[in-house]
Amino acid sequence: MLRALRDRLTYANVVATLALFVALGGSSYAAFKITGRDIRKHSLTGRLFKANSIGGRAIKERSLRTVSRARNAARLDGVTAERLLVRCPQGTVPVSDVCIETQARPPAPYSSAAAACEITDNKAHPGRRLPTHEELMTAIGAYGITLASGGELTSDVYPPKTPEERLQVLYILDNTGNVGVTSDTAAGAKAFRCVADPVN
């Protein structure tokens, strides 16, 4: 009987039998395969997904936490974002794009006033300067700033007309914006205040 079976066993018979088994196995696999159409939206939990297989709009970003290996993600070189915000130095307030001192300083000639501003905070920052006419005018009335009696110096200057004449400096006379010109001398001394750039 075994010899009769072996006589009928040909290459064609073996291949045909194998093909039959593969076909039957394939159809049974196809019958149990699940596709995306078989799954209802939002019915699968995160544990059922393969790791790193979803992204984009499928993730609610607000629900994500900082990755444990990225504890410094909200810092820059160890400094928090809050520390990097620009702010005005103590004793100054923001006016336009600068910080202006809230209190006027005692009267001084223009060159002495400019030097006093320049050395203020110059070890930690670039120092300060006298305000322009526009900056001082903008500051009047802001944050309760009022001009000192007798007016205040600006950084606007006019060159002398003769070698004997001293540098002429524009100053604001009063809170309404009237202006005058004074010389860079002790007799021409006026009150002043400095401006600084915002700092971190």
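Since we're looking at a predicted model, the values are computed, not measured. Residue numbers start at 1 and run along the sequence shown.
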Connected via hydrophobic side-chain network under 4.5 Å: Val181 and Leu130: no
Donor-acceptor contact present, side-chain Asp174 to main-chain Asn178, <3.5 Å: yes
Thr120 vs Arg105 side-chain heavy atoms within contact, under 4.5 Å: yes
Side-chain donor/acceptor of Asp121 to backbone N/O of Gly127, under 3.5 Å: no
Leu170 backbone acceptor or donor facing Thr154 side chain under 3.5 Å: yes
Validation row: Thr185, Pro109 side chains within 4.5 angstrom (heavy atoms): no
Ile172 with Val157, same ILVMFWY side-chain cluster at under 4.5 Å: no
4.5 Å side-chain heavy-atom contact, Ile100 and Leu136: yes
Contact summary for Phe192 and Ala116, nearest pair of heavy atoms: CZ-CB, 4.1 Å
Joint cluster assignment, Val93 & Leu147, ILVMFWY side-chain distance < 4.5 Å: yes
Side chain proximity check, Ile145 to Arg193, heavy atoms < 4.5 angstrom: yes
Whether Glu118 side chain and Ala114 backbone form a donor-acceptor pair below 3.5 Å: no
Thr138 side chain to Glu134 backbone, donor-acceptor under 3.5 Å: yes
Donor-acceptor under 3.5 Å (Asp156 side chain, His133 main chain): yes
Single-linkage hydrophobic cluster Tyr143~Met137, side-chain heavy atoms < 4.5 angstrom: yes
Chi angles and distances behind the salt bridge (charged side-chain N to carboxylate O under 4.0 Å, His left out) call for Glu135, Arg129: CA-CA 12 Å; Glu135 288 167 346; Arg129 59 176 174 78; 3.0 Å; yes
Side chain to side chain, Val169 and Tyr171, heavy atoms closer than 4.5 Å: no
Within-4.5 Å side-chain heavy-atom neighbours: Leu167 and Ser183: no
Side chain proximity check, Thr182 to Gln168, heavy atoms < 4.5 angstrom: no
Step-by-step side-chain hydrogen bond (donor to acceptor under 3.5 Å, both in side chains) determination, Arg87 to Thr92: CA-CA 10 Å; Arg87 60 189 183 280; Thr92 67; over 6 Å; no
Note, Val195 side chain near Glu101 side chain (heavy atom, < 4.5 Å): no
